[in-house]
Amino acid sequence: MARRHEQTGFLRAWAFALGVMSSMASAAIVEHIFNVENATVRKLCHGRVITAVNGALPGPTIQVTEGDTLVVYVFNKSPYNVTIHWHGVLQLLSGWADGPNYFTQCPIRPGHSYIQKFTITKQEGTLWWHAHVSLLRATVYGALIIRPKSGHYPFPTPHKEFPIILGEWWNGNVIDMQNQAQALGVPPANSDAYTINGRPGDLYPCSRKHTYKLKVVQRRIYMLRIINAALNNQLFFKIANHEFTVVAVDASYTNPYVTDVVVLAPGHTVDVLLTTDQTPGAYYMAARPYVSAQNAPPPNNTATTGILIYDKLPYTSPIMPLLPALNDTPTAHKFYSSLTSLVGSPNWLPVPTKVDEQMFVTIGLSLSPCGSTATCKAIPNIPSLRLSANMNNASFQVPTRLSLLQAHYFNVKGIYTPDFPDQPPLKFDYTNPANSNNTAFAFAPQSTRVKQVKYNATVEIVFQDTTIIGAENHPMHLHGYNFHVVGQGFGNFEPVKDRKKFNLFNPVIRNTIGVPVGGWAAIRFQANNPGVWILHCHLDSHLTMGLATAFVVENGPTPSSTLPPPPPDLPQC
């Protein structure tokens, strides 16, 4: 349910209690009700109860204009704890609405509710929202479309626009699956299918009648707002016999980039223009995984499909695109490294050149004690060890007594320590394949260590993948900020040589960066948004295993740079 401009009935009373008002005549208050509840759906010949918003998969698409205030009334009618995260929204001075579980709030317990209120500032484009508790993101997600205040794009106006949300589907209960994986100390099982707008496509059993169909007219330009909502897989996306022009990623405009394949890590959004310049007919759109992990179990090697149909013509056999191989790292890297920002476009910012905080952060898998369950099966014949993940050899332990933001705001001690290291404790040949068999490097202690930075400080992070247990492309997502991707490459980062290659003119601006497998990526951002902001791998299996930390950004000198107090209905632990 959605409302715009006016507030009526109990919504008005509730909103008034929180001081929901519009201070700009041109802006609007956009209200939505999210009922998080069980819903019964049938896919792949199986009926299953899932958790969804308003009974739909995907959930509602939210459309706002830059400058609008979004008010979402979240009612948790499910049997599970839940939070809702607004992926990529800057949340300027509204960190209490960001949503990550135990980072900015405690979970919304079953039978409880929470109002998330924030203003969309200095952003336009495609973002999305999703659950940020356990693996509920598998079915609790939807698109967030931010229209430009000017009413114009810095590219040709498309005839129509369509969200294309890529996802994953499990025949089993994802919460049960996660609990079992944690008990065994291993990652969750692979999904049973991939989906386009919640539909697996006609290559899967019992799915032909429910394939997503996109009807177009010849010789028109369409915009596809592509979102990767998958839990644990990067995805290649193609449409047979068609090319795309990439015009934005992560709600930041890019120089036009022409390609026949799009690559998205979990969390990424890519806006493309599609020209319908082919012979009228039917063409498959398809997505399949890009798998970079070494020494990992075989992935789900299937493809989800939709059908692009010209001029409402009847069709029999759509043309299938030739998809890249599962491990086609050159194609993935070419796409990621070819993107550049559109200088001077709305909300574009130049690269900070003066760096105040310089960090070199190793990321990868590790081992940790199994704990009291003693049933771990991560390492054959060693039941005392479980798989974990870490940054600079610190495996993040999520607090449960209080959220990090509450602990920071109210100065509560004992929840976290502000000593996340700027460097790994040991320097070694990070990408040497022999590391995968060296258990001396593999152990990472659990801790709740965060990085504290001054307001307005410029932070540079060089992420370095390692081959401990196995190298992998890690999509690293930072809440509360966009960042410039000033460099990326393969092998060990070499400061003298690689810094000379940094793009300080028009690097792509993102909120999630896929760190190349066995390689590195360098980002910069200005810490001008006070609060607590999680930095984590957007592979859910790796987040739950500890590949995370947080930035605690101090208040600035003025009221406009000071985090306000929490709302009265903030969920309590």
Looking at the rings of [X] and [Y], which for Trp means the six-membered one, are their centres under 6.0 Å apart?
X: His484; Y: Phe525; value: no
X: Tyr336; Y: His268; value: yes
X: His132; Y: His87; value: no
X: Tyr481; Y: Phe483; value: no

Assess whether a salt bridge exists between [X] and [Y], defined as any Lys/Arg side-chain N lying under 4.0 Å from an Asp/Glu carboxylate O.
X: Asp356; Y: Lys454; answer: no
X: Lys149; Y: Glu124; answer: no
X: Arg137; Y: Asp540; answer: yes

Short side-chain donor-acceptor distance under 3.5 Å, [Y] and [X]:
X: Asp277; Y: Thr275; value: no
X: Asn456; Y: Gln526; value: yes
X: Asn255; Y: Thr340; value: yes
X: Asn506; Y: Ser341; value: no
X: His479; Y: His536; value: yes

Any side-chain heavy-atom pair of [X] and [Y] under 4.5 Å:
X: Leu235; Y: Val263; answer: no
X: Leu144; Y: Val89; answer: yes
X: Trp96; Y: Leu570; answer: yes
X: Glu357; Y: Thr458; answer: no

Legend entry - More than 12 heavy atoms from other groups under 6.0 Å of CZ on Arg499: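 Yes - once you tally the heavy atoms of other residues, nucleotides and ligands closer than 6.0 Å, there are more than 12.
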
